[in-house]
Each structure stands twice: as C-alpha cells, then as structure tokens.
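Heads up, the thing below is written out as structure tokens.
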Protein chains: 2
Amino acid sequence: MPEIRYRQIAEDLRKKIESGEIDHDTQLPTEMELREQYDASRNTVRDAIKLLMTRGLVETRPGQGTFVVTKISPYVTVLTGEADASAGQGDIYMQEVTASRRRPTTTDPRVEIQKSVGTVADALGLDKGTTVVSRHQQRFIDGTPWSLQTSFYPMTLVVRGADRLIQAPDIPEGVVAYLRNEIGLAQVGYRDKVTVRAPDANETAFFRLPDDGRVAVFEVFRTAFDQDGHPFRLTVSIYPTDRNQFTINVGKVPDELRHQQESAEIQSGHPG
Amino acid sequence: MPEIRYRQIAEDLRKKIESGEIDHDTQLPTEMELREQYDASRNTVRDAIKLLMTRGLVETRPGQGTFVVTKISPYVTVLTGEADASAGQGDIYMQEVTASRRRPTTTDPRVEIQKSVGTVADALGLDKGTTVVSRHQQRFIDGTPWSLQTSFYPMTLVVRGADRLIQAPDIPEGVVAYLRNEIGLAQVGYRDKVTVRAPDANETAFFRLPDDGRVAVFEVFRTAFDQDGHPFRLTVSIYPTDRNQFTINVGKVPDELRHQQESAEIQSGHPG
DNA sequence: GGGTATTTGTCCGTATGTATT
DNA sequence: AAATACATACGGACAAATACC
C-alpha cells in the first residue's frame, strides 16, 4: 500500500463506497469536511477525488457536491444476426435485445459524397481517394443518445443504379433489401471489428460524456460482403462504453431469458 | 472554445501532436519550458498534461519527461469460432488471428473449488452458493501480459466422472474434447457478452497498467451450452482495451488478408 | 427575479520528495 | 554526487454553478 496521502484517502473512500457505507447516488462529505476528516489540504482531498473519478466511482457536480455514481442498466446489442440481414428498418440492421419497451429511434440519414480516407478505402478494397457515399445517423433509446453510425458505400453502387443511396433521406425497406431488389446485390456475410478508444469532441458532446476522456467509446467496424466475396459497405458505429454491452451467439444457443434486475434505474441524468 | 487556461494549453498541444508536429515517442517540452511558453504556472501546465494523459495522448516518465504515446499494433481475437470448438490447447479455445509469429503462452491453470457467487450461478443456471470448479490462467503473447482467464464448471461434472477437472493442472487435449470423451458432454454453442470496465488492483498489476483507471479492460463472459441447451461452463476473460480488438464473423466472409502495417512497434514498455 | 450561502472549478506560488540520467 | 524532470503536498484567492430564501 502506498504511503501517498491522496491515494490513502482515495482508498479509504473507495472502501466506504464499495462496502455500501456510502450508498449509490448519495453525497460524499464536501471537500472542506474531508479536509478536516483527513487533516489534509483541500487540494490533496481533490486529488483523491480525481482518482476516484477516473476510476468511475464518483462524479462531481459544481455547486452541489460529490456523488457516488449510479450504475445504469446497459443497452445490449447482438452482433450476430442473420448474415443476409434484411432487418427492415433503414440502416439499423443490428438487432437489439434490450429490456422491455426500450425502443430505438433514429434521425434521418445525413448523406454526403466524400473522398475515401485510408480506413474506409482499406475496408472497401478501394484506392485511397475514391469517391464514396456516406450516410450518417444518430440513434437514441428512449430519447437518450445511444449510438452514432456512419455507413460508407462505393460510388459505383450508385452508378449501377442504386441512386436512392444519395437521394432518399430514408430507405424504409432497408438498404440491404433495396440493394438486393434494385441491383441484385446480396449480402452474404459481414465481419465486425470491435475496439475501444477515447471519444472525440463530437462524440463527447452528442453522448454528453464528461469532457475529459474518462469514458471511452466502442468503435465497431462492420464490413459487409456480397455474393462474390467483395466488400460493399463499411459501417462504423460508436457506443459509449459506460452504458453498452455486446452479445455474440455462436452455434446453437438457447434464447436469452432476460431476468430484468429490479434495480433498474433511470438514465443517470446530470441535471445540466 | 473554452477560455480556461489549462484546456487551451491542452488543445494547443493536442493539435501539435495530431498534426504530427510532435512525433510519436518524442518528448514534449518540459513542464518548466511549457510554463514559459504559455506564461502559466507549472500547476496549470500540469493540469493540461493530465488532461492529455486521461485522453491517452501522452505519458509521463519521472526523471525523463512527457512523451507522445506510441500506438501498439493490437492483438486481434476472433470470437466466432466453431461452435463445437475442440480447439485443442487446453482452455484456450478462442482463436487468435494476430500478426506473424505472435504466439500465446499460458500458465498452468490454478484450480480451486469455490462457492458460486451471483454472476457465476446466474450464468450456469445454478443456485447461489452451489459448488463450482474454477480454473484460472494467465495468458501472454510474446511474453507480454495479454489476458486473464477464469473458467467455472459445475461440480456435478466432476461427480459425473470428469475428475481431471480438479486434478490435472493441464488437460492437453482441451477441456471441451475431454468432457466429450469422458462423460459424453458436447458443446453445441456459446454466447459471449462483451463489456468494458475499470480494472481492479490485480488486473492493473498483471497488465502493468497505469495505476489510475485510465486504461479500461474488456470483460468477456462466454457461456457454453451442451446438447440439451444447458450451460455447463462460464469463462470470464479480461483484456486491456489499449492493446486488444475483437473480430466477429457472420455468414460467408472471405479470409482476412492481414496487411501488416510496417509501423509495427515494440510493446510500449514503460521502463519500470 | 434577486441576493446570498454553499460547493466545486481554476489558477497561482512554494516547498519537498522521488526517479532517472 | 549532481543535475534534471516529474510527483506530491500545502496554502491562498477568486470564479462559476447551484440551491435556497
């Protein structure tokens, strides 16, 4: 154990939190009170609190105090669906297994024509700088920001006749079904790559994350393949790690009986 | 943009880093130099550096300086293998697609008899407190800590004849193959749940992570099901998020041609 | 709405400790 | 042993956000 003051204080507070002595969503003593309790300076107490913050145990609210964070029941996304997913609701082809009545809503896609950068060109098997169509959406669950999603398609698909990719703000039957019906392009499989990184400024704002990099985000790259084994779409989805989890089913698995924990809590909800 | 001094300084440094003006693995100006450059106090400069640290852009080394972090090429783990995985090498049943010559090594399992806690009992469909066998392993790639893995089996499997679960330190043909041959229990599928959380003290030490909670860990729960649709194993695997990534293949996907980036770097290697 | 007390956020200066070269 | 650079700890001052009257 370190003899360093602010770590000792943080350790002591951590124990009190995890033992339940200080309950969820309740307030810690103020910095002045802690300063007296531990006979340390206010800055040292603040260093201890900062440590607990990066560890995700507490949060501070200016003008109010320091509070033990409330765990929110996570959104569950199943990454293994049908390979030929004709899931039907526009670009939302990832199936969601969530608690009862949770329902995702989605903004209309923002459609752009772009030069493909390295990552996109790489995944789609194109040369860097090739023109691609991007369709960007914000997704919410019960009104709270859930995910940012951008799909990239080679411009050649539009040339081949799928012109609604760049026209229609929304494609009700789903892009996969549309491409199959319109130009005979079928999705036979996809590959997901899941990584974690710090959020950028846009993501921090949209998800209302703390503006230091404490809460990381999942970055899911989904590359879809057609009947010839060629990639024809890259979808990049971003999810905050503090309220999301993924499920992957392989082989024969029973349906998930979702024993919903009673302690289901309202979305944390900084009053701000 | 905020008029807050330490955020301005952090922003300015971030731009210089991301524009490449300060290259990877090179040193930033010292705190004293930054103090003069920005005409701020040393503490304010340090606040800026702390912000860049939680965002994972720089790292500090006492006695040396502040350095731009070097991204390390990630270990890639494929979560979708064969449902009846008889993968052959003991408890390592997750297939690894990694750069050339990377090879995992594994410690002998530490075998324990435990009372199942909530999570384990839940996943295995047992009552809380039921006896289970746990087999814990540390896994390395090229000698660097890669993953911590613990598998839980109901004690009833041992009663049914699979006594090497509690005896043998290692089961060369793999636990799945052993259970099939010994007691006719076949794995027909599994379900993975992937979450991210802050590391605990053990994990921080084993992975040699910074001792604040900056670097989170993946927590992968794999529940394996037998031919009757009953869960018979829970495996919990921990991976640091800063050097791991997961791949999920669904449907028909081409083999991955791993265009290894030339910039492959040695493991970051805090000299500590 | 306004004013005030409370609480955290920012910024400064200084001193001393610890790790590395 | 000495110099350098970051880490810890203290104290003080003022700003900003919030709650309450």
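Within every chain, numbering begins at 1; the chains are lettered A, B, ... in the order of the sequence lines, protein sequences first and strands thereafter.
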Could you run down the sub-3.5 Å N/O contacts of the protein with nucleotides 4-7 of chain C?
unit_1 : atom_1 : unit_2 : atom_2 : d
C:dT7  : O2     : A:G63  : N      : 3.3

| request: Could you grab the distance from atom OG of A:S41 to atom CZ of A:R35, nearest 0.5 Å is fine? | output: 8.5 Å
| DNA chain C base-pair string [pairs: Watson-Crick or G-U under 3.5 Å; |: paired with another strand] | .||||||||||||||||||||
| Which residues share a side chain to side chain contact (heavy atoms under 4.5 Å, CB included) with A:D242, sequence neighbours left out | A:L209, A:V215, A:P240
Got a list of side-chain donor-acceptor pairs under 3.5 Å for residues 47-55 of chain A, not counting sequence neighbours?
unit_1 : atom_1 : unit_2 : atom_2 : d
A:T54  : OG1    : A:L51  : O      : 3.0
A:R55  : NH2    : B:D211 : O      : 2.5

| request: Please identify each residue that fulfils side chain to side chain contact (heavy atoms under 4.5 Å, CB included) with A:A198, with sequence neighbours left out. | output: none
| query | Using a heavy-atom distance cut-off of less than 4.0 Å, which residues of residues 36-48 of chain A contact DNA chain C? | reply | A:R42, A:R46
| request: Mind checking side chain to side chain donor-acceptor pair (under 3.5 Å) for A:E31 and listing every partner two or more places apart, or none if nothing turns up? | output: A:R42, A:R46
| What residues form a side chain to side chain contact (heavy atoms under 4.5 Å, CB included) with A:P29, not counting sequence neighbours? | A:E33, A:L34, A:Q37
| query | Whole-Å distance between D:dC10 P and A:Y6 OH? | reply | 13 Å
| remark: Those residues at least two apart in sequence (or on a different chain) that pass side chain to side chain donor-acceptor pair (under 3.5 Å) with A:T66 are none
| Just how far, in rounded Å, is P of D:dA15 from CZ of B:R5? | 16 Å
| said: I'd like to check the side chain to side chain contact (heavy atoms under 4.5 Å, CB included) partners of B:T107; sequence neighbours left out, ordered by chain and number. | reply: B:Q137, B:Q138, B:F140
| Over 12 foreign heavy atoms within 6.0 Å of NZ, A:K16 | yes
| task | Just jot down the side chain to side chain donor-acceptor pair (under 3.5 Å) partners of A:Y38, sequence neighbours excluded, or say none. | result | A:D12
| Euclidean distance, atom CZ of residue A:R35 to atom C1' of D:dG11 [Å, nearest integer] | 10 Å
| query | Could you state the CD1-C1' distance from B:I49 to D:dC6, rounded to the nearest angstrom? | reply | 9 Å
| request: Using whole Å, report how far CD of B:E59 lies from P of C:dA19. | output: 17 Å
| query | Atom CZ of A:F67 and atom C1' of D:dA19: how far apart are they, to the nearest Å? | reply | 11 Å
| Rounded to the Å, how far apart are A:R7 CZ and D:dT8 C1'? | 10 Å
| request: Only counting residues at least two apart or in another chain, list the ones meeting salt bridge (charged side-chain N to carboxylate O under 4.0 Å, His left out) with B:E112. | output: B:R110
| task | Write down the distance between CD1 (B:I4) and P (C:dG9), rounded to a whole number of angstrom. | result | 11 Å
